[in-house]
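One structure is given here, and the rest of the page talks about it.
In listed order, ligands and their atoms are each counted from 1. This is a predicted model, so every value here is computed, not measured.
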Amino acid sequence: MKEIIFATANPNKIREIKSMLAGRYTILGLDSINCTEDIPETRDTIIGNALQKAEYIVEHYGVNCFSEDSGLEIDALEGAPGVYSARYAGPEKNSDANISLVLSELKGKNDRGAQFRTVIALYLDGQMHTFEGIIRGKILNQRRGTGGFGYDPIFLPDGYDQTFGEMNADQKNLISHRAIAVRKLQDFLVNKL
Ligand code: ITT
């Protein structure tokens, strides 16, 4: 099976994407190329950060790889936390604190519309490609469910009555922003085989 390095330090993302590509590709983590340093993520857009992470691996390790950047974009907060989703409430990347901050910023606001966005940047045989996935939904007034990660307990995807935090992993992985982007990546890779 063909091997591809997934440039992420987030074990939740590895688990989700590994299960989505299972049986077709062997997804290897950064440890397999002995990359232990923090990969810079300093651009101010989600696509910019995705490209930056993949470019870093290509420049320093010269291997085929893909990276992923994602975030929650809330309409009433003009797209915040967006590219800053992981560290919205501070550099500790604490999900519970991030959720509390979102809920307090949205207190009293009627517009609860939001979306998760994922951009995957794939470097394959000398060329860079990007794939995007977006899922629309609403931010609830309080947490529901303990599954998933990050903002999952307060995100209710449109057309469903369970938050991402209430869904089991298989359900979330079928419909999520990451799933949509991964399907595009998968279609592209399958056409290459
Ligand atoms: P990398 O090593 O891949 O950069 P990271 O956790 O720093 O991992 P990002 O910079 O892409 O990831 O930040 C994404 C943040 O957005 C993540 O920490 C969550 O807070 C939130 N997020 C992304 N996808 C999510 C999902 O499926 N469910 C809930 N929250 C999500």
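Close approach to E41 involves these atoms of ligand 1, each under 4.0 Å from a residue heavy atom: 4 (O), 7 (O), 10 (O). Counting atoms of ligand 1 from 1 in the listed order, those under 4.0 Å from a heavy atom of T8 are 1 (P), 2 (O), 3 (O), 8 (O). Atoms of ligand 1 found under 4.0 Å from any heavy atom of A86, numbered from 1 in the order shown, are 13 (O), 15 (C), 18 (O). Heavy-atom proximity to R178, at under 4.0 Å, picks out these atoms of ligand 1: 23 (C), 24 (N), 25 (C), 27 (O). Near D69, meaning under 4.0 Å from any of its heavy atoms, are these atoms of ligand 1: 9 (P), 10 (O), 11 (O).
Note on K184 versus E132: no salt bridge recorded, every NZ/NE/NH1/NH2 to OD/OE distance being 4.0 Å or above. A salt bridge links D96 with R143: at least one charged nitrogen is closer than 4.0 Å to a carboxylate oxygen.
The closest heavy-atom contact to atom 25 (C) of ligand 1, among the options F6, F149, Y151, comes from F149. Nearest to atom 31 (C) of ligand 1 by heavy atom, out of Y88, F164, F116, is F116. Closest heavy-atom approach to atom 7 (O) of ligand 1 among the candidates H177, K172, K93, E68: K93.
Here the closest heavy-atom approach between residue N64 and residue D125 is recorded as OD1-N, 2.9 Å. Contact detail for D111 and D75: the closest heavy-atom pair is OD2-CB, 3.7 Å. In this structure, S85 and N98 approach most closely via the heavy-atom pair O-ND2, 3.3 Å. Of all non-hydrogen atoms in I99 and P153, the two that sit nearest each other are CD1-CD, 3.9 Å.
For Y123 and F66, the ring centers sit 6.0 Å or farther from each other.
A side-chain donor-acceptor contact under 3.5 Å links E37 and Y56.
At under 3.5 Å, not a single nitrogen or oxygen of R87, backbone or side chain, sits near a nitrogen or oxygen of ligand 1. For a threshold of 3.5 Å applied to N or O pairs, the pair formed by A9 and ligand 1 contains at least one separation below that value.
Under the 30°/60° scheme for interplanar angles, the aromatic rings of F164 and H177 are found to lie parallel.
When only non-hydrogen protein atoms are considered, atom 14 (C) of ligand 1 lies nearest to S70 O, 3.2 Å.
Not a single heavy atom of L72 lies less than 4.0 angstrom from ligand 1. N98 does not count as a contact of ligand 1, since none of its heavy atoms falls under 4.0 Å from the ligand.
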